[in-house]
Protein chains: 2
Amino acid sequence: MVHTTALAEIGALIGDAGRANMLAALLDGRALTAKELADHAGVTPQTASGHLAKLTAGHLVVVEKQGRHRFHRLASAEVARMIETMMQMAAHGDAARNAKPIRVGPRDQALRAARTCYDHLAGRLGVALADAMAQRDLIRLDADGGLVTPEGRQFLSTFGLDVDAAPRGKRVLCRPCLDWSERRPHLAGVVGAQIMQRCFNLGWIRRLEGTRAVAVTPSGQEGFRRVFDVRPG
Amino acid sequence: MVHTTALAEIGALIGDAGRANMLAALLDGRALTAKELADHAGVTPQTASGHLAKLTAGHLVVVEKQGRHRFHRLASAEVARMIETMMQMAAHGDAARNAKPIRVGPRDQALRAARTCYDHLAGRLGVALADAMAQRDLIRLDADGGLVTPEGRQFLSTFGLDVDAAPRGKRVLCRPCLDWSERRPHLAGVVGAQIMQRCFNLGWIRRLEGTRAVAVTPSGQEGFRRVFDVRPG
DNA sequence: GCAATGCTTCGGCCGGTTCCGAAGCATCCC
DNA sequence: GGGATGCTTCGGAACCGGCCGAAGCATTGC
């Protein structure tokens, strides 16, 4: 039974607090340096170096040298999805474990409002967008499958996106991604990625330094309301 | 940051060879006793007891007492999916790690041919069924989303299944589940579960003692060919 | 060349986890 | 009741894995 030991290896890789923090930090798709990841994990660079070597050997992370820096990123979207899946499990487990509401800090508040999830939008904003689009039958999302309706293609086209023209590779066009803070699905897949990119380009949202949280700009407030009938915040 | 530590906890839970073996053994949805799981993990009962206590505390496993036995099963289909996802990662990692083909034993051969995956069929048989149904446009599967076409409902109806009448709860009707041996999707969700159940009822397949592998009976050979145009084996 | 920066490797310490033998409950069977 | 059987708890031994200080390599900048 060669496979089961492999399962334990993957688990052990993620089952360390330091490495888990690093992976979570990489979840938005950016590439970070070893030092940055060391800070995220709360360990010294030499410890982080060891962790990153293991993550790389386990093919969860890939490195890219650039001068004297080494940028680390998740090896694939599949890895990101696996980690998101595990975080959902963790959230469910928490919910069952302690019935009392989870204490949240101000930093969590921003994350809960709107954040990136690898390459698409999550948090209340992401869920609201998915809800609004489903409401108008632009997309249909089931617990873990999704599609874009003809009306949806039309809509996205006027929004400036051509879902069929985009390079897809092996990626799925449209799929739900369960939100660990909202516990409801938001929009992922090629469409989810395109929408987020477009929102950045339009200046509707911008990244908050040092976190995966994003802020909605004034023009975003107006745009989300006008185009998606969504009132962020 | 309460969530990231939770991620590490889940990982650590799976990151022990003994516990990983237990979880893999439970992957077909059956409930097993502590002793059986101890054998699977290759440890003594008292060690297994400790592991199972942790898995239960982590809400990956639930127990059910029945006389002097305690039956353990995966806590939910979500847990099963998470573990399958991780095994896929492990398989991909393996593939990249050593280019040489993986050595397989005779036991693996049976598993690769046809096996249960929690509550649906996997292995070459599962993939072949999914392929055949997609070919005739009875279902449509994308990398991680799926649906049953009207023709599919008709087809399943003549096969003795009413997908809409079945109790669904929050489960998705139809979704792909990437096969770790074939590296191609097979059919999961309510439809996948119904089809497997029907095949058992028709006597087309039967469980092989002590494994998740299933054997195709002679009538199954005939049935799969006639109904699905699939030639197992 | 020299110093500074980013990262890795080495070595030893330390804490947590796993493991099993022995003993203790609980349940079933006769 | 008495004796299996199934499982858990307790205790201590062994082991692994993370962690950091010190030192070493690579790259950049002056």
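Protein chains get the first letters and strands the later ones, always in sequence-line order, with residue 1 at the start of each. Predicted model, so just to flag it, every value in this text is computed and none were measured. Note that these values count all heavy atoms, side chains included, but never hydrogens, waters or copies made by symmetry.
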Within this structure, what is the CZ-to-C1' distance between R19(B) and dT17(C), rounded to whole angstrom? 9 Å

Expressed as a whole number of angstroms, how long is the span from L52(A):CG to dT9(C):C1'? 15 Å

Nearest-nucleotide comparison on DNA chain D, the residue closer to the 5′ end among T47(B) and R68(B): R68(B)

Side chains of T33(A) and E36(A) only: does a donor on one sit below 3.5 Å from an acceptor on the other? yes

In whole angstroms, the gap separating P of dT18(C) from CG of N21(B) amounts to 14 Å

Ranking K54(B) and Q46(B) by the position along DNA chain C of their nearest nucleotide, the one closer to 5' is K54(B)

Whole angstroms only, please: what is the CD-C1' distance between E9(A) and dG17(D)? 15 Å

Rounded to whole Å, NZ of K65(A) lies from P of dC25(D) at a distance of 15 Å

If you take all heavy atoms of L121(A) and L125(A), which pair is closest and at what distance? CD1-CD2, 4.3 Å

In Å and rounded to the nearest 0.5 Å, what is the SG to CZ distance from C199(B) to R206(B)? 14.5 Å

What is the distance, to the nearest angstrom, from the CG atom on D39(A) to the C1' atom on dG6(C)? 13 Å

OP1 or OP2 of dC7(C) less than 4.0 angstrom from a side-chain nitrogen or oxygen of S49(A), does that happen here? no

What is the distance from NE2 of H69(A) to P of dT8(C), rounded to the nearest Å? 12 Å

E64(A) CD to dC7(C) C1', in whole Å, measures 16 Å

Flag the pair E64(A) and R70(A) as a salt bridge only when some basic side-chain nitrogen lies within less than 4.0 angstrom of an acidic carboxylate oxygen. no

Tell me whether the OP1 or OP2 atom of dT17(C) has a side-chain N or O from H51(B) closer than 4.0 Å. no

